[in-house]
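Numbers here are sequence positions counted from 1.
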Amino acid sequence: MASTPVSPSFLSRLLGLRPRTLAGRMARWGVVIVLVYALMALLTPLLTHLGLLPDVNAGLDNPIYAPPSWQHWCGTDRLGRDVCSRTLSGSGVALQVVVIALVSALVIGVPLGMLSGYLGGWLDRLLVLLMDTLYTLPVLLLSVVLAFLLGKGLPNAAAALCVVYVPQYFRVVRNQTAQVKAELFVEAARSLGAGPVWILRRYLFRNVITSVPVLLTLNAADAVLVLGGLGFLGLGLPETVPEWGSDLQQALSALPTGIWWTALYPGVAMFVLVLGLSFLGEGLESWLSGSGQSGRSER
């Protein structure tokens with residue numbers, strides 16, 4: 001009779017040379033892609049400062065719409081700016097805006113969801129009404145309105161994205177808190193005199209936070225696309241800041257004339273980052289749901 005082996009942990013499968021499940025392979029490639037983009041975001045300013053990469057806004061001395069060459073690996077745009085340098089710098093801008101927006105959404109949405117689910121009453125009804133109203137609005141439409149009201153700028157773009165994703169964290173955490181607070185260990189802690197703050201911090205937080213990492217990675221992929229949409233509409237960041245969406249918008253007029261390089265490289269960079277974050281989120285979701293774990297061995 002064959003024994004039943006213990007299923008390996010997610011990290012051991014992820015760090016292994018050959019993950020045995022589709023979830024492990026997806027998560028591994030997602031981690032690799034995200035780490036590559038993070039490394040590019042860290043090294044690009046240093047390489048620009050050392051003169052190994054041209055400045056993202058320096059284009060007066062360069063020919064406009066120059067095709068890829070040894071001098072400009074990805075060519076130049078309509079202002080003579082180096083496309084390769086702007087594409088690499090755009091990764092740091094995208095990651096910075098997305099991280100600020102999602103961390104802010106976590107800091108606001110998770111505590112509000114826990115308070116709403118645990119306390120209930122009029123506070124719960126008010127917060128649910130507010131969050132459901134925001135949640136029913138399309139993500140891009142709401143972010144466009146907020147970006148138009150706040151104006152251009154990195155903090156403003158992050159704030160516009162933050163408001164969009166707060167309702168999602170609130171709804172997930174609120175529903176799980178309402179379920180967990182009825183468990184026996186919470187009732188026992190309450191009967192022993194534990195206050196709401198102690199119960200929320202010691203007992204509920206660790207139980208309701210488990211699904212947030214999956215939502216975080218999937219929202220990060222969506223936020224990259226929304227930020228690109230804002231830049232494409234001219235509502236994201238200032239013109240001096242390299243951003244993939246605005247570069248794609250500027251390349252749109254030249255694309256019918258055969259100038260493909262100004263649109264290809266920013267578009268591919270955005271696509272690969274979204275793909276990596278989606279792989280990471282899907283892998284985490286499959287692992288947490290149990291479908292990514294290896295089954296028992298057959299007799």
Side-chain angles (χ1 to χ4, degrees), residues 26 29-30 32-41 43-44 47-48 53-57 59 62-69 71-99 101 138-141 143-144 147 152 154 157-158 160-161 217-282:
M26 291 176 63
W29 282 109
V32 170
I33 292 173
V34 173
L35 288 179
V36 169
Y37 274 81
L39 185 63
M40 287 194 303
L43 292 181
T44 300
L47 296 177
T48 303
L53 284 176
D55 187 81
V56 294
N57 293 313
N62 301 327
I64 62 174
Y65 289 136
S69 61
Q71 185 178 4
H72 302 285
W73 291 355
C74 301
T76 61
D77 61 5
R78 65 177 185 176
L79 299 178
R81 300 172 299 188
D82 187 80
V83 175
C84 181
S85 179
R86 291 186 63 84
T87 301
L88 293 175
S89 299
S91 61
V93 174
L95 290 177
Q96 187 175 358
V97 173
V98 169
V99 168
V139 172
L140 183 59
L141 176 61
S143 60
V144 165
K152 293 183 179 182
L154 193 148
L161 293 177
T217 53
L218 296 178
N219 281 346
D222 184 66
V224 173
L225 293 176
V226 174
L227 178 63
L230 293 178
F232 190 85
L233 296 174
L235 298 173
L237 303 175
E239 289 78 5
T240 56
V241 179
E243 198 273 320
W244 295 328
S246 61
D247 287 348
L248 287 174
Q249 192 276 332
Q250 295 177 10
L252 190 61
S253 59
L255 192 59
T257 64
I259 300 175
W260 50 267
W261 53 89
T262 55
L264 176 65
Y265 297 105
V268 170
M270 184 186 301
F271 169 77
V272 174
L273 179 57
V274 172
L275 187 67
L277 291 170
S278 300
F279 277 177
L280 182 57
E282 293 294 339

Participant: Verify, without hydrogens or angle tests, whether S89 (side chain) and R86 (backbone) share a donor-acceptor contact under 3.5 angstrom.
Facilitator: no
Participant: Measure the spacing between CD1 of I33 and CG of L273 and express it to the nearest 0.5 Å.
Facilitator: 8.5 Å
Participant: Would you call T257 and Y65 a side-chain contact if the rule is heavy atoms closer than 4.5 Å?
Facilitator: no
Participant: Kindly say whether A66 contributes a backbone atom to a donor-acceptor pair with the side chain of W261 at under 3.5 angstrom?
Facilitator: yes
Participant: Which value, rounded to the nearest 0.5 Å, describes the distance between S246 atom OG and E239 atom CD?
Facilitator: 8.0 Å
Participant: What heavy-atom pair brings V56 and S85 nearest, and what distance separates the two atoms?
Facilitator: CG1-OG, 3.5 Å
Participant: Within this structure, what is the OG1-CG distance for the pair T262 and L255, rounded to the nearest 0.5 Å?
Facilitator: 7.0 Å
Participant: Looking only at non-hydrogen atoms, find the nearest pair between M40 and L88 and report the distance.
Facilitator: SD-CD2, 3.4 Å
Participant: Closest heavy-atom contact between A101 and A158?
Facilitator: CB-O, 3.4 Å
Participant: Minimum heavy-atom separation for C74 and P68, please, with both atom names.
Facilitator: C-CG, 4.0 Å
Participant: Quick one, L227 and E243 - any side-chain contact, counting heavy atoms below 4.5 Å?
Facilitator: yes
Participant: Any donor and acceptor pair, going by atom type alone, linking the side chain of T44 with main-chain N or O of A41 inside 3.5 Å?
Facilitator: no
Participant: Less than 4.5 Å apart, side chain to side chain, heavy atoms only: is that true for N62 and D82?
Facilitator: no
Participant: If you look at every heavy atom in R81 and N57, which pair is closest and at what distance?
Facilitator: CD-CA, 4.0 Å
Participant: To the closest 0.5 Å, what do you measure between CD1 (I259) and CG (L264)?
Facilitator: 13.5 Å
Participant: Could you check if a side-chain atom of V241 sits within less than 4.5 angstrom of a side-chain atom of L154, using non-hydrogen atoms only?
Facilitator: no
Participant: Distance-only, no hydrogens or angles: does the W29 side chain make a donor-acceptor pair with backbone N or O of G276 under 3.5 Å?
Facilitator: no
Participant: If you define the side chain from C-beta out and look only at heavy atoms, does anything of Y37 sit under 4.5 Å from V272?
Facilitator: yes
Participant: Ignoring hydrogens, what is the shortest heavy-atom contact between P266 and V83? Give both atom names and the distance.
Facilitator: CD-CG1, 4.4 Å
Participant: Can you measure from CG (L53) to CG (L43) and round to the nearest 0.5 angstrom?
Facilitator: 10.0 Å
Participant: Given V144 and L233, is the side-chain contact (heavy atoms from CB on, under 4.5 Å) satisfied, shown in steps?
Facilitator: CA-CA 9 Å; V144 165; L233 296 174; 3.7 Å; yes
Participant: State the CG-NZ distance between L230 and K152, to the nearest 0.5 angstrom.
Facilitator: 11.0 Å
Participant: When you measure from the side chain of S143 to the backbone N and O of A160, does any donor-acceptor pair fall under 3.5 Å?
Facilitator: no
